[in-house]
Amino acid sequence: MQGDFDAMRMSHLFGRTLREAPGDAELPSHKLMLRAAMVRPLGAGIYSLLPLGWSVVRKVEQIIREEINAIGGQELLMPVVHPADIWKESGRYQQVGPEMTRFVDRGERDMVLAMTHEEVVTDLARQEINSYRQLPMLVYHIQTKWRDEPRSRGGLIRVREFTMKDSYSLDLDEAGLDVQYRNHWRAYERIFRRCGLAFVVVGADTGMMGGSASHEFMALSDYGEDIVLICPNGDYAANQEVAVFQRDAPTAEELLPLEDVATPNTPTIQALADFLNVPLTRTAKAVFFVGDSGRFVFAVIRGDLDVNETKLRKAAGERGLTPATAEQIQAIGAEAGYGSPVGVHDALIVVDESIRDSPNLVAGANKPGYHLKNVNLGRDYQADVIADIASVTAGLPCAECAAPLTAARAIEVGNIFKLGTRYSQLLGATYLDAAGESHPVVMGSYGIGSGRVTATVVEQHHDERGIAWPISIAPYHASLVSIYTADDDAPAQAADRLYSALIDAGVETLYDDRPERAGVKFNDADLIGCPIRVSVSARTLAKGEAEIKLRTERESRFVPLEDAAAIVRDIADGLFAPLDGDPPAA
RNA sequence: CGGGGUGUGGCGCAGUCGGUAGCGCGCGGCGUUUGGGACGCUGAGGUCGGAGGUUCGAGUCCUCUCACCCCGACCA
């Protein structure tokens with residue numbers, strides 16, 4: 001059985017548990033997986049999976065496989081090293097920044113390390129798909145990706161080399177894509193439920209992938225990098241990057257004449273409101289950026305709201321935004337702290353909807369210590385773009401039901417994208433319809449990071465003693481602990497027999513047969529986190545018993561030694577039952 | 001890329017005013033122990049991240065550099 005994932009003697013296990021976590025680990029999942037001998041770092045954001053960790057990840061991947069197969073997915077495997085040509089064809093070779101690693105091979109050909117596989121799957125599609133008769137199709141693989149993140153952080157949650165299940169749907173039309181999109185949505189819900197993850201599904205930004213729709217599967221966690229806004233009535237959930245809220249009704253008011261007002265020492269909107277004793281909603285805030293194109297982007301929003309850079313970037317048509325410097329601000333005729341769009345030049349004026357609907361606001365006068373009263377869009381300045389550029393925060397009203405939204409940190413464990421025809425058009429992946437006309441294949445792409453799922457499960461399932469795996473992805477169903485001394489190895493022999501019985505009963509068992517003291521073995525069992533612990537000692541043996549304890553429970557029970565394997569099997573089955581992927585009963 | 005921090009034995013750390021490197025855990029041997037990380041004796045293990053410099057002498061001071069961590073920017 002040595003080397004088998006179904007059973008393992010700890011005396012032979014590669015990897016040692018650590019009493020203390022390395023000092024540079026911060027997240028619970030990172031510390032615990034290091035201490036439990038599941039992962040080891042090789043470099044920043046680069047990890048080896050040790051046998052215990054690999055066992056878990058394999059189970060996560062197997063669950064993914066089963067559920068994607070169940071919606072018609074066909075597994076294949078695409079390369080990690082790509083010729084740059086296909087990335088040039090899609091345009092991403094130019095678009096994507098240094099997070100994509102580029103190199104040249106010995107023949108001086110441009111190559112890249114795969115960040116994702118849209119280009120390759122589209123290349124395959126243009127070779128293999130010719131006719132409408134061949135569609136729809138769904139292919140996927142579980143493959144290494146490399147993304148040279150400017151900063152890998154959060155231990156195992158955000159790494160540079162990682163493994164992802166990515167599937168790609170190929171359809172005749174949008175209707176077909178809708179079907180595959182919904183299929184993935186359901187499959188993902190089943191996958192994460194089977195892994196024991198608590199999650200929410202939110203609307204998301206389409207980012208560098210392009211495409212028309214995207215949802216993210218977010219596992220709630222204090223260590224999440226994303227913020228999700230959730231309606232308490234379940235009417236709405238979205239990533240903060242794209243979240244919207246119910247806007248106030250437009251204010252109907254006579255336009256008053258523009259008026260200069262001295263407002264010394266009011267560089268912040270709050271100071272201004274306090275000084276003039278007006279609510280924040282009657283002020284206009286100016287935020288200054290310079291786009292990647294070099295254009296000055298002048299954002300205007302009502303004083304009670306904040307600018308969402310993701311939305312602003314899209315509204316301005318810029319790939320990136322950098323906060324403007326004081327010199328750049330003065331160059332367009334504005335003044336930091338006292339800025340308004342009135343009278344500025346050489347800037348793209350992007351105005352939030354809140355401004356359009358709010359007359360007679362207080363705004364900067366573009367000179368230090370002065371503001372303007374009764375500033376009005378259209379009369380006093382023109383907007384180049386009017387858009388929703390507001391950042392949604394907790395407490396703002398739900399767009400659907402007006403209930404105050406709540407905000408929570410979350411880890412993105414999966415996402416689904418409607419790509420449409422962006423890649424198929426650029427790479428020429430087309431099919432002929434029944435009338436003999438050519439159309440681009442309509443595509444979707446769907447990702448799950450298996451390692452990130454694993455670490456996220458640890459974030460949600462641990463205590464001060466260690467990990468408490470859901471049985472569906474635990475490295476082993478049971479830890480068998482023998483407690484014996486050199487003088488009396490009868491418990492060890494009994495445990496040996498129980499080990500065999502457990503294996504025969506189909507219980508995946510991690511057998512701690514080491515000649516360690518009870519405390520060491522119990523602590524390691526708690527740390528590694530198999531859901532069931534079975535102990536055999538002189539004490540239990542005297543009564544012909546074994547002790548059974550669940551990782552998540554405090555009390556243990558004693559059962560006849562000869563029945564122990566069957567009982568553990570039953571307990572294991574019982575632990576699997578709620579992890580069957582179906583929605584919990586209401 | 002900006003800001004901050006840390007690099008000393010496998011892990012966690014100490015090292016004062018510059019004076020020839022130490023503690024705990026872990027590891028090997030022997031003995032005593034044996035149900036929640038035992039105890040005694042003994043032993044192995046470190047060019048103090050790297051390079052240069054100052055100095056009679058550098059873990060310690062200076063310069064450069066590398067790695068890693070945190071915050072931000074960035075990011076399917």
Side-chain angles (χ1 to χ4, degrees), chain A residues 15-27 30-31 34-35 37 40-46 92 95-100 114-118 145 147-155 157-160 162 164-168 204-211 214-217 223 225-226 239 241 289 292 309-310 313 319-323 412-419 444-449 452 465-466 481-489 491-492 514-527 533 535-542 547 549 554 556 558:
Chain A
R16 305 161 40 80
T17 57
L18 304 175
R19 194 175 291 201
E20 294 176 279
D24 52 15
E26 290 224 334
L27 302 199
H30 193 197
K31 288 184 186 169
L34 286 168
R35 287 189 53 212
R40 291 291 180 257
L42 180 63
I46 308 173
R92 288 160 113 190
Q95 286 168 20
V96 177
E99 61 268 28
M100 181 160 74
M115 303 175 61
T116 173
H117 286 79
E118 280 77 15
K145 310 277 192 275
R147 291 183 192 174
D148 195 359
E149 300 284 352
R151 176 179 159 220
S152 57
R153 76 178 100 190
I157 301 293
R158 186 174 200 81
V159 290
R160 294 196 292 172
F162 60 103
M164 186 167 103
K165 183 290 300 177
D166 39 329
S167 37
Y168 301 92
D205 181 28
T206 48
M208 81 169 199
M209 306 295 300
S214 165
H215 286 85
E216 292 171 337
F217 289 72
Y223 294 97
E225 293 182 90
D226 289 298
N239 193 311
E241 290 178 344
F289 295 92
D292 279 4
E309 276 194 46
T310 306
R313 181 160 40 84
R319 275 181 49 213
L321 294 172
T322 313
E412 179 190 350
V413 287
N415 59 31
I416 53 180
F417 277 93
K418 287 187 183 178
L419 294 175
S445 93
Y446 316 86
I448 294 180
R452 181 180 282 189
R465 296 190 158 279
V481 176
S482 62
I483 300 159
Y484 61 95
T485 66
D487 300 338
D488 176 16
D489 69 348
R514 298 172 302 170
E516 293 286 349
R517 298 169 65 87
V520 172
K521 296 174 122 182
F522 287 147
N523 278 305
D524 273 347
D526 287 343
L527 176 60
R533 191 187 78 194
S535 316
V536 178
S537 66
R539 192 184 289 180
T540 68
L541 205 51
E547 177 191 355
K549 180 183 170 301
R554 193 151 193 87
S556 55
F558 294 85

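Since we're looking at a predicted model, the values are computed, not measured. In what follows, every chain begins at residue 1, and chains take the letters A, B, ... in the order their sequences are listed. These numbers come from the heavy atoms of this one structure, side chains and all, not from hydrogens, waters or symmetry mates.
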Under a 3.5 Å cut-off for both contacts, is B:U54 paired Watson-Crick or G-U wobble with anything, and if yes, with which nucleotide? none

For nucleotides B:C64 and B:G26, find the distance between their P atoms and express it as a whole number of Å. 42 Å

A:E241 CD to B:C74 P, in whole Å, measures 10 Å

Under 4.0 Å protein heavy-atom contacts per nucleotide of nucleotides 21-30 of chain B, with B for base, S for backbone only and - for none: ---BSSS---

With a 3.5 Å cut-off and just heavy-atom distances, do the side chain of A:R539 and the base of B:G36 make a donor-acceptor pair? no

How does protein contact run along nucleotides 68-73 of chain B, one letter per nucleotide 5' to 3', with B for base contact, S for sugar-phosphate only, - for none, heavy atoms under 4.0 Å? SSSBBB

Between A:I46 (CD1) and B:A67 (P), how many Å, whole number? 12 Å

Considering only the P atoms, how many Å lie between B:C13 and B:U55, rounded to the nearest integer? 36 Å

Touch class at under 4.0 angstrom, heavy-atom based, for A:F162 against every strand present: base

Mate of B:U16 where both pairing distances stay under 3.5 Å, Watson-Crick or G-U: none

B:C68 and B:C74, which share atom name P, separated by this distance in whole Å: 23 Å

Pick base, sugar-phosphate or nothing for A:T540, based on heavy-atom distances below 4.0 Å to the nucleic acid. base

Name the pairing partner of B:A21, where a pair is Watson-Crick or G-U wobble with both distances under 3.5 Å, or state none. none

Euclidean distance, atom CZ of residue A:F522 to atom C1' of B:A38 [Å, nearest integer]: 15 Å

What is the separation between atom CG on A:L34 and atom P on B:G10, rounded to the nearest whole Å? 17 Å

When you compare B:G18 with B:A58, how far apart are their C1' atoms, in angstrom units rounded to a whole number? 6 Å

Among the nucleotides B:G36, B:U34, B:G35, which one has an atom lying closest to any side-chain atom of A:A486? B:U34

Go ahead and name the base partner of B:A73; Watson-Crick or wobble counts if both distances stay under 3.5 Å, otherwise write none. none

Sticking with atom P, work out how far B:C41 lies from B:C23, rounded to a whole angstrom. 13 Å

Between B:U34, B:G12, B:G37, which nucleotide gets closest to the side-chain atoms of A:T485? B:U34

B:C27 and B:C11: how far apart are their C1' atoms, nearest whole angstrom? 12 Å

Could you give the distance separating B:C30 and B:C70 at their C1' atoms, to the nearest angstrom? 47 Å

For A:Y484 and A:E149, find the nucleotide of RNA chain B closest to each by heavy atoms; which residue's nucleotide sits nearer the 5' end? A:Y484

Classify the nucleic acid contact of A:R35 as base, sugar-phosphate or nothing, counting any heavy atom under 4.0 Å across all strands shown. base

In whole Å, measure the gap between the P atoms of B:U16 and B:G59 for me. 12 Å

Rounded at 0.5 Å granularity, tell me how far CG in A:L321 sits from OG1 in A:T310. 9.0 Å

Name the nucleic acid region contacted by A:D524, choosing base, sugar-phosphate or nothing; use a 4.0 angstrom heavy-atom cut-off, strictly under. base

With both distances under 3.5 angstrom, what nucleotide forms a Watson-Crick or G-U wobble pair with B:G46? none

Between B:A38 atom P and A:I483 atom CD1, what is the distance in whole Å? 13 Å

Across all strands shown, which nucleotide pairs with B:U32 by Watson-Crick or G-U wobble geometry, both distances under 3.5 Å? B:A38

Hey, which sits more toward the 5' end of RNA chain B by its nearest nucleotide, A:T17 or A:I448? A:T17

Give A:R452 one of three labels, base, sugar-phosphate or nothing, depending on what nucleic acid heavy atoms sit under 4.0 Å from its own. nothing

In the structure shown, which nucleotide is the Watson-Crick or G-U wobble counterpart of B:A67, with both distances under 3.5 Å? B:U6

Please report, rounded to the nearest Å, how far the P atom of B:G36 is from the CZ atom of A:R533. 11 Å

Please table the atom pairs, donor to acceptor, closer than 3.5 Å between any side-chain atom in residues 17-26 of chain A and protein atoms at least two apart or in another chain.
from, atom 1, to, atom 2, distance (Å)
A:T17, OG1, A:D524, OD1, 2.9
A:T17, OG1, A:D524, OD2, 3.3

